[in-house]
Amino acid sequence: MRNLLFALIISVMHLAAVFAYGPSNALANEGAGDGISEKPGFVASRTPHAYDVLYDRLKVAIKANGMGHITTASATLGAKGAGIIIPGNRIVGVYNNIWARRMLKASIQAGIEAPIRFYLTENADGSSTLSYKTPTHVFSPYFEEADADLRVMAAELDAVFQAIFDQTITEE
């Protein structure tokens, strides 16, 4: 009975949103990536690639650079399941066990930061943006208390993530 009540509440909320905003929300009129820019420790680039093409290119670059595609989360797919259409939006967690073991040896607490994520967003003009936080930025809160290798490892990972990024966004 409790599950039925919960489902009914969710359905009513969904219908209210559809009547209030139409079958899509405000993001459908804009691109999800149209406001993303570089910040300290945050790399971003608008690309000429369509969102799905960029995702395919990212998967190839991850593998080519010896990393693993560990996790994926997509607001777009979640919204689609609720009958709402929004621009492409996907987070891809990237790491591998060699780096994980080294990270944990240097700092158990830093383990919460893995995998490190790339963020793909679709722009209103059909292009897409790729962004990520550098590993040095991600792990920097742990540098003071961690083994010195965490800083060295983060710098090495910066080069790996930059290579993945560059390979993904480069025009062919």
Taking the side chain as every heavy atom from C-beta outward, state whether [X] and [Y] have any atom pair closer than 4.5 Å.
{"X": "Ile91", "Y": "Thr72", "result": "no"}
{"X": "Leu77", "Y": "Arg90", "result": "yes"}
{"X": "Ile116", "Y": "Glu113", "result": "no"}
{"X": "Val92", "Y": "Arg117", "result": "no"}
{"X": "Trp99", "Y": "Met153", "result": "yes"}
{"X": "Ile164", "Y": "Val94", "result": "yes"}

Joint cluster assignment, Ile108 & Met103, ILVMFWY side-chain distance < 4.5 Å: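 Same hydrophobic cluster.
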Could you see if Ile36 belongs to whatever hydrophobic cluster contains Tyr51? Use Ile, Leu, Val, Met, Phe, Trp, Tyr and a side-chain cutoff under 4.5 Å.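 Different clusters.
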Pairs involving residues 127-149, ordered by first then second residue, that meet salt bridge (Lys or Arg N to Asp or Glu O under 4.0 Å) (sequence neighbours left out):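 Residue pairs with at least one partner in residues 127-149: Arg102-Asp149.
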From [atom1] ([X]) to [atom2] ([Y]), nearest 0.5 Å:
{"X": "Ser131", "Y": "Leu120", "atom1": "OG", "atom2": "CG", "value": "8.0 Å"}
{"X": "His69", "Y": "Ile62", "atom1": "NE2", "atom2": "CD1", "value": "5.5 Å"}
{"X": "Thr136", "Y": "Glu156", "atom1": "OG1", "atom2": "CD", "value": "10.0 Å"}
{"X": "Ile86", "Y": "Lys80", "atom1": "CD1", "atom2": "NZ", "value": "12.0 Å"}
{"X": "Leu157", "Y": "Thr134", "atom1": "CG", "atom2": "OG1", "value": "10.5 Å"}

Minimum heavy-atom distance between [X] and [Y], given as atom pair plus value:
{"X": "Ala110", "Y": "Leu150", "value": "CB-CD2, 4.1 Å"}
{"X": "Ala163", "Y": "Asn65", "value": "CB-OD1, 3.4 Å"}
{"X": "Phe139", "Y": "Ala154", "value": "CD1-CB, 4.1 Å"}
{"X": "Ala44", "Y": "Phe165", "value": "C-CZ, 4.0 Å"}
{"X": "Thr76", "Y": "Pro87", "value": "OG1-O, 2.7 Å"}

Does a side-chain N-to-carboxylate-O contact under 4.0 Å join Arg46 and Asp125?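 Yes, this pair counts.
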Using side chain to side chain donor-acceptor pair (under 3.5 Å) as the criterion, list what pairs up with Tyr55, not counting sequence neighbours.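 So Tyr55 forms no side chain to side chain donor-acceptor pair (under 3.5 Å) with any residue.
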Heavy atoms of other groups near Leu104 CG, more than 12 under 6.0 Å: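 More than 12 heavy atoms, drawn from other residues, nucleotides or ligands, come within 6.0 Å of this atom.
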Do Gln162 and Asp158 pass the side chain to side chain donor-acceptor pair (under 3.5 Å) test, and can you show the C-alpha distance, the side-chain angles, and the key distance before you say yes or no? CA-CA 6 Å; Gln162 186 67 53; Asp158 282 350; over 6 Å; no
Hey, is the main chain of His49 close enough, under 3.5 Å, to the side chain of Thr47 for a donor-acceptor pair?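 Yes; at least one donor-acceptor contact below 3.5 Å.
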Mind checking whether Tyr132 and Tyr119 have ring centres under 6.0 Å apart?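 So the answer is no for these two rings.
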Taking the six-membered ring for Trp, are Phe118 and Phe161 ring centroids under 6.0 Å apart?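 Between Phe118 and Phe161, the centre distance is under 6.0 Å.
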Is there a donor-acceptor contact under 3.5 Å linking the side chains of Ser128 and Asn123?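 No, Asn123 and Ser128 have no side-chain donor paired with an acceptor closer than 3.5 Å.
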Hey, are Glu122 and Asn89 close enough side-chain-wise for a donor-acceptor pair under 3.5 Å?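 Not at all, the side chains of Asn89 and Glu122 share no donor-acceptor pair under 3.5 Å.
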List for me each residue that meets salt bridge (Lys or Arg N to Asp or Glu O under 4.0 Å) alongside Asp56, sequence neighbours excluded, and say none if there are none.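 Partners of Asp56 under the salt bridge (Lys or Arg N to Asp or Glu O under 4.0 Å) test: Lys59.
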